[in-house]
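The next block holds one structure in the form of structure tokens; read it before the comments.
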Amino acid sequence: MEHSRTRTVTTAEAIATALIDNLHYLQATVPRYATRNDWYMALAYTVRERMLEGYIGRVDALSSPDTKAVAYLSAEFLTGPHLGNGLIALGIWDAARDAVSRLGQDLDALLAQEEEPGLGNGGLGRLAACYMDSLATLDVPAIGYGIRYEFGIFDQAIRDGWQIEMTDKWLRFGNPWEIVRSEVTYEVKFGGRSEGFLDEQGRYRVRWLPDRAVKGVAYDTPIPGYRSKTTNLLRLWKAEATESFDFDAFNVGDYYRAVEQKVVSETISKVLYPNDEPEIGQRLRLAQQYFFVSCSLQDMIRLQLVRGNTLDEFDTHWAAQLNDTHPSIAVAELIRLLVDEHQMDWDRAWAITQRTCGYTNHTLLSEALEKWPLPLFRNLLPRHLEIIYEINRRFLDAVRQAHPGDDELARRLSIIDEAGGKSVRMAHLASVGSHAINGVAALHTELLTRTVLGDFYRVMPGKFVNVTNGVTPRRWIVLSNPRLSALITGRIGDAWISNLEGELARIEPFAGDAGFRHEWQTVKADNKRDLARFIKERTGVVVDPASLFDIQVKRLHEYKRQHLNALYLITLYRHLKATQGRGATPRTAIFGGKAAPGYRMAKLIIKLINSIAEVVNNDPDVSPLMKVVFLPDFNAKNSQYVYPAADLSEQISTAGKEASGTGNMKFAMNGALTIGTLDGANVEIRDAVGPENFFLFGLTADEVVRYKSTGYAPRTVYDSNPALRETIDLIADGFFSNGDRELFRPLVDSLMGRDDYMLFADYQAYVECQQRVSEAYLDPDNWARMSILNSARVGRFSSDRSIREYCRDIWLLNPVTAERR
Ligand code: NBG
């Protein structure tokens, strides 16, 4: 059938016509009354329309009996704004700009109008979004399954130097990207009990008698691949009340109870938990996890049957990736669906489950490994607990058989933690129930096999693989840094956009070309001017675009050591005071990131940074040479100004703590040099760019462990290092808090007493390394050369490479080279 050409043609002319049409027929307005949001909505619909043919193509593939598809199960997808990305994917940026300006509008203003879906906390959720982009670009049939939170990550404001949280009303003005599938719904049950019975064939079976249920409704967002013909689906579930369950209440006339039931049901998808590590025992969080996993698996089973395939071959047609432990209840739920609801026998269901699931671990922090108290778990998911006991019994039997007499081993491996108040260890459930377990950087995977999953590695070494994270060059170079993109494309053509690993290195020879270096510097300078303007607008602080832009943006966490950076800045400040700035490299230190609302130390670190900023920025002796800025509300949208403008990328976590990092990759791609420890993917980035183009400092992961075990005493370091002592004393004496000695006491005490993250141990090395940075920056031409080499050599950190590895090593499917439009 012929489609309406207004909705598919991509010339400026056609886009302009579509815009007016959509303004009229969807927003019910006309140019003379249209608000900016009306224009934004009309443009978004215009872009979405052009994705739909690809979307239908994908639905066809998902319905075909030969397809193997990926289900990327993730409690978080931090996609960032869709409009700009869509324009790039479809190749209609220039046409859209043209169309919009013919109608008297400004594309940048419309792009700025979009409220980003903040459906994630940080790296983990953003990684899922990069992977969706690469899956679509590589034309891998995939569905991202998650939760359509009504409120995403809070908006951060800074008042009086403190973080203030505000609810994120991202749906307030409508969401033009999603397509509600009111008929794609599943029932999800909770609570109650189970009972055994004999079926017609006399087999023992179990049924679950829940005491309540909610309904999940599918909301699809098309995810276009870069210039690819198909468009994948991000399918997010919204919780609603089931019709069947409140029916009784209506019948007995208890109208209010029925309404209350509705409210209770909807809370499940109400809000994203704003912690990058779980709070133990949040019942609603377990309900969220089970809710989206159950809907997703039911949907996968439905699609499997719609294709005309049987459940016996489920794993031939589906690969389910568990993004951290949040969806790991999938292991028990898939068994329950197959055994209880589809009458499969246990052994077969178990084999299918294991072959279907893969588990990605994203953290080594033991406090971040999810555990659920047994009573809570039983109360919410009684049938799943039984299934988990059965999985565990069979698993531990096998362990005891292979390692007779080693009861300790079995105890440590058990899915049920018997110590103290018993709990369910979700990482164990995921590890047992998956055929592959992967870490997210080489060092991280190695440490996993030695520490948190060491016992699993001993009994099932073959399951472990590494897939180093990657980020999409479409959003993080093309969209964020158009100037750099134009420069690169001008020299090597644009094939790098969909083949970063193969092509980007072709700019390396230009590092030796003075003209190119000059253009490279101009791009950076322009980007820095843009960021300076943005900083002025958001914070009022005026920064010098010629100074070294030294940037640390990421969630606030002690292990990430924003406070080590802060200690350095105090030291630098004192040094500049003492030397009256002679020979100094002007520096602008920029921070951004949210702290979990309940994480007091992280919030105090924000306050400290702002307090230092207050003193430094207002000191006439120093402020021409040094500025400190805390950029509020760091998110995907704002970050697109940040990475392209960085000279120096701060990746200074305590070695052994950061699983991978992905900001480190975005910075390097955009030509920032890294100052960092040997942690996460920093190790591989340094290998790629060459040690001479990377500022390394600090203890290694092994040294950290050794130092701690031989009695690390931060106070001894403090006593023996005058500069450190002066720095800490200034904080303690209230120099940054108007004489208030109490304000930062918890921070000072924690460093002096325990210093869990070894700031003092790394302090001197860090300060000296920063000194080397300052010196290097005094030679702009050489800096430009190093910057070019950084970009040129990090092509392998494209998420396309990561996704190819997942396809090859874990999902066992062949990405066909995507047909380009
Ligand atoms: C984070 C790690 C990062 C890593 C991202 C993506 C969690 C639990 N983990 O180092 O801290 O880059 O995951 O893998 O959010």
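No experiment lies behind these values; they were computed from the predicted model shown. Note that ligands are numbered from 1 as they come in the structure, with each ligand's atoms numbered from 1 the same way.
Taking every heavy atom of S660 and a limit of under 4.0 angstrom, the matching atoms of ligand 1 come to 10 (O), 12 (O). Which parts of ligand 1 touch A659 is read off a 4.0 Å heavy-atom cut-off, strictly below it: atoms 10 (O). Numbered from 1 in the order shown, with element, the atoms of ligand 1 that lie under 4.0 Å from a heavy atom of Y559 read 11 (O).
Between D133 and R475 there is no salt bridge, since no side-chain nitrogen of the basic residue lies less than 4.0 Å from a carboxylate oxygen of the acidic one.
At a heavy-atom cutoff of 4.0 Å, ligand 1 is contacted by no atom of N121, backbone or side chain.
Legend: residues meeting ring-ring contact (aromatic ring centres under 6.0 Å, His included) with W476, ordered by chain and number and at least two apart, are Y643.
Counted within 6.0 Å of CZ on R600, heavy atoms from surrounding residues, nucleotides or ligands total 12 or fewer; the atom is thus considered open.
Comparing heavy-atom distances from atom 1 (C) of ligand 1 across R555, H362, E658 singles out H362 as nearest.
Contact analysis puts G661 in contact with ligand 1, with a non-hydrogen atom separation below 4.0 angstrom.
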(Q) What verdict does the ring-ring contact (aromatic ring centres under 6.0 Å, His included) test give for Y806 and W811, after you've listed the backbone C-alpha separation in whole Å, the side-chain angles of each residue and the deciding distance to 0.1 Å? (A) CA-CA 6 Å; Y806 277 99; W811 303 331; 5.1 Å; yes
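Atom 15 (O) of ligand 1 has L124 CB, 3.5 Å as its closest protein atom, hydrogens excluded (heavy atom only).
Every N/O-N/O distance between K560 and ligand 1 stays at or above 3.5 Å.
Taking the ring centroids of Y290 and H384, they lie under the 6.0 Å cut-off.
Relative ring orientation between F630 and F591 is described as parallel, the plane-to-plane angle staying below 30° on a 0-90° scale split at 30° and 60°.
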